[in-house]
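Read through the structure below, which is laid out as structure tokens, and then see the notes.
No hydrogens, no waters, no symmetry mates; every other heavy atom, side chains included, goes into these values. So you know, we letter chains A, B, ... as the sequences are listed, proteins then strands, and number each from 1.
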There are 2 protein chains.
Amino acid sequence: MPESDYPDIRELHLFSDMADEHFLSLMRGAYVQNFPPQIELITEGDPSDFLHIILSGSVDLFSTWNGRETSMATVRPISTFILAATVKDAPYLMSAQTLEKSRIALIPSQDVRAVFDADGNFARAIVTELAQCYRSVVKVQKDLKLRTSLERLANYLLRKQKNAGGAAEFDLDYEKKRLASVLGMTPENLSRAFKGLQPYGVSVNGARVRIGDQEDLERFAKPNPLIDDFTT
Amino acid sequence: MPESDYPDIRELHLFSDMADEHFLSLMRGAYVQNFPPQIELITEGDPSDFLHIILSGSVDLFSTWNGRETSMATVRPISTFILAATVKDAPYLMSAQTLEKSRIALIPSQDVRAVFDADGNFARAIVTELAQCYRSVVKVQKDLKLRTSLERLANYLLRKQKNAGGAAEFDLDYEKKRLASVLGMTPENLSRAFKGLQPYGVSVNGARVRIGDQEDLERFAKPNPLIDDFTT
DNA sequence: CGCTATGTTGATCCATATCAATAAGTGTGG
DNA sequence: CCACACTTATTGATATGGATCAACATAGCG
């Protein structure tokens, strides 16, 4: 891996507190690759040989069963994915494919496990990261089980708006087909759901979304920090 | 906490490898309580002051939003729950209530975090446990998004059968109302789903389930290790 | 033994999926 | 740069899974 990539990775919570020596040992065994769009990086069920770190681009995590497919999450720089499989030395539960041209670092899983044993700060960082991942999935499960698709979309838009700085207008960051799958619905239903939010001041034009009256939408969506906050 | 409870707890993966000194320090700060059925032990949103360990009985983890409620999981002895909130020092994402008379140990969260820093084996055990929890929730999410309720029930029954030792008959281990909620459906729908599985050899009488032809049911259910295996 | 909660069944309604057709983008090669 | 092909998005019509409402049965439990 080119040393120019080190600083970006070092800044991740996961690596920021570990000893230089250990960090460098991980980096020396790692390599970086550029992938074109739509490349399947990993397939669910495969052994987890590498911890992946996305440096640029974006990656879709998805799962399949019996001919059906669903998007589980989207990963964006700079972050790791499939940490749980790596530390458990267990098969991947999700597949991953690049959505666009992406630069991805690969650290051999056994190196991660070895350094984990040697570096307390790294171990602690892994715990924090895993706890975060776990809590995120629990929130998604609550979203899926407690809300209708219209409510999920409304809350999704409010979350997006929030991390777009609260602007009334912002762009969806991936295609609607994928958004539909992430939210657990069909593209047709998503299309109608956007219509269904018009009475609450939501309008869409291509990827551009406008939230005309945030409070009105919130009255409908009833966002809840225990489902919608990504920081807690 | 009475010392007689120590051995059971010590056997948990989470505590089995840590130094005696640290284990005892955790136990000294902990206490054990007997709760009657239907007691709400924790409420989602509350600060996570204690790591809970269920010693006997059973506990339902559930969440609510906007007047709706759903069962997220059931915890049985001997295991911990709400580990992620404890290590992150973040609010509980789920509420917990006893389903029956239950004996529960409470370890102050700050003790857990302190010992975590001091004991590498404990840290490693926490990582493994968290990774396991994470992967379980991912499996549930796949189950919810990729399968119909009939398919979820069929696979649930096959899993139960498996850990009942493969017997053709076994008992559901909680009331159908709760099972319905766990599987993400209404009690009425569960009742009909059991009927819907009759053509595949499933019959029910109260809590007693009989799987007449496992292979036939499997042909319908299409169980998948990446969703239904709890060990991987 | 009755009371209350749970489970079943039926009728109906609603949300969402599916199927089909069209429109609008998007990228590619001439 | 345009024309074509192909994917994505929208819209409508319809089907269906599942929820809701209501009535009744049943099982625990005091």
Side-chain angles (χ1 to χ4, degrees), chain A residues 36-38 60 62 65-71 74 97-101 143-156 171-199 202-209 220-221, chain B residues 36-38 60 65-71 97-101 143-156 171-199 202-209 220-221:
Chain A
Q38 313 300 338
D60 181 48
F62 66 100
W65 177 80
N66 194 26
R68 297 168 211 164
E69 178 176 326
T70 189
S71 271
T74 303
Q97 73 168 347
T98 53
L99 292 174
E100 48 192 314
K101 199 162 154 301
D143 196 43
L144 283 171
K145 290 183 78 177
L146 292 168
R147 290 173 170 162
T148 66
S149 63
L150 198 61
E151 290 163 345
R152 289 200 295 278
L153 175 61
N155 280 291
Y156 173 85
D171 286 323
L172 297 173
D173 49 10
Y174 36 60
E175 48 186 358
K176 290 182 184 147
K177 186 187 170 190
R178 186 165 317 282
L179 174 59
S181 183
V182 168
L183 293 176
M185 53 177 131
T186 58
E188 296 94 323
N189 192 23
L190 175 63
S191 203
R192 287 167 183 130
F194 273 117
K195 288 248 164 71
L197 292 179
Q198 275 177 10
V202 174
S203 51
V204 199
N205 197 319
R208 192 123 196 112
V209 175
F220 168 74
Chain B
Q38 313 300 337
D60 181 48
W65 177 79
N66 194 27
R68 296 166 213 166
E69 178 177 324
T70 190
S71 270
Q97 74 168 347
T98 54
L99 292 174
E100 47 191 316
K101 197 161 155 299
D143 196 42
L144 283 171
K145 291 182 78 177
L146 291 168
R147 289 173 171 162
T148 65
S149 62
L150 198 60
E151 290 164 344
R152 289 200 295 278
L153 175 61
N155 281 291
Y156 173 85
D171 286 323
L172 297 173
D173 49 8
Y174 35 62
E175 49 187 357
K176 290 182 185 149
K177 186 184 168 192
R178 187 166 317 281
L179 174 58
S181 183
V182 168
L183 293 177
M185 51 177 132
T186 57
E188 296 95 323
N189 191 23
L190 175 62
S191 201
R192 286 166 183 132
F194 273 117
K195 288 248 164 73
L197 291 179
Q198 274 177 10
V202 174
S203 51
V204 199
N205 196 319
R208 192 122 196 112
V209 176
F220 169 74

When you compare the side chain of A:Leu183 with that of A:Leu153, does any pair of heavy atoms fall below 4.5 Å? yes
Please give, in whole Å, the distance from D:dT16 C1' to B:Glu151 CD? 14 Å
In this structure, how many angstroms lie between the P atom of C:dA15 and the CG atom of A:Leu153, rounded? 15 Å
Separation of B:Met185 atom CE from C:dA15 atom C1', in whole Å? 17 Å
Among all residues two or more places apart in sequence or in another chain, which pass the side-chain contact (heavy atoms from CB on, under 4.5 Å) test with B:Ser203? B:Arg210
Atom CG of B:Leu190 and atom P of C:dT6 are separated, to the nearest Å, by 14 Å
Partner set under side-chain contact (heavy atoms from CB on, under 4.5 Å) for A:Ser181, not counting sequence neighbours: A:Thr70, A:Ser71
Stepwise side-chain contact (heavy atoms from CB on, under 4.5 Å) check, B:Tyr174 with B:Asp60: CA-CA 10 Å; B:Tyr174 35 62; B:Asp60 181 48; over 6 Å; no
Once you round it to whole Å, what is the distance between P of C:dA15 and CZ of A:Arg147? 17 Å
Rounded interatomic separation in angstrom, taking CG from A:Leu183 and P from C:dA15: 18 Å
Would you tell me if any nitrogen or oxygen in the side chain of B:Ser149 comes within less than 4.0 Å of OP1 or OP2 on D:dG18? yes
Mapping A:Gly206 and A:Gly184 to their closest nucleotides on DNA chain C, which lands nearer the 5' end? A:Gly184
Short N/O separations, protein against nucleotides 7-9 of chain D, under 3.5 angstrom:
| residue | atom | partner | partner atom | Å |
| --- | --- | --- | --- | --- |
| D:dT8 | OP2 | A:Lys177 | NZ | 3.0 |
| D:dA9 | OP1 | A:Lys176 | N | 2.8 |
| D:dA9 | OP2 | A:Lys177 | N | 2.8 |

With sequence neighbours excluded, residues passing side-chain hydrogen bond (donor to acceptor under 3.5 Å, both in side chains) with A:Ser191: none
Set of side-chain contact (heavy atoms from CB on, under 4.5 Å) partners for B:Glu188, sequence neighbours left out: B:Thr186, B:Arg192
Output the rounded distance in Å from CG (B:Leu150) to P (D:dT16). 15 Å
note: B:Leu172, atom CG; C:dT6, atom P; distance rounded to Å ~ 16 Å
Under a 4.5 Å cut-off applied to non-hydrogen side-chain atoms, are A:Phe220 and A:Leu150 in contact? yes
Heavy atoms only: give me the nearest B:Arg152-B:Leu144 pair and the separation to one decimal. NH1-O, 3.7 Å
Which nucleotides of nucleotides 20-30 of chain D have their base under 4.0 Å from a protein heavy atom (B), which only their sugar-phosphate (S), and which neither (-), written as one string 5' to 3'? BB---------
Of all heavy-atom pairs between A:Arg68 and B:Arg147, which one has the smallest distance, and what is that distance? NH1-CA, 3.7 Å
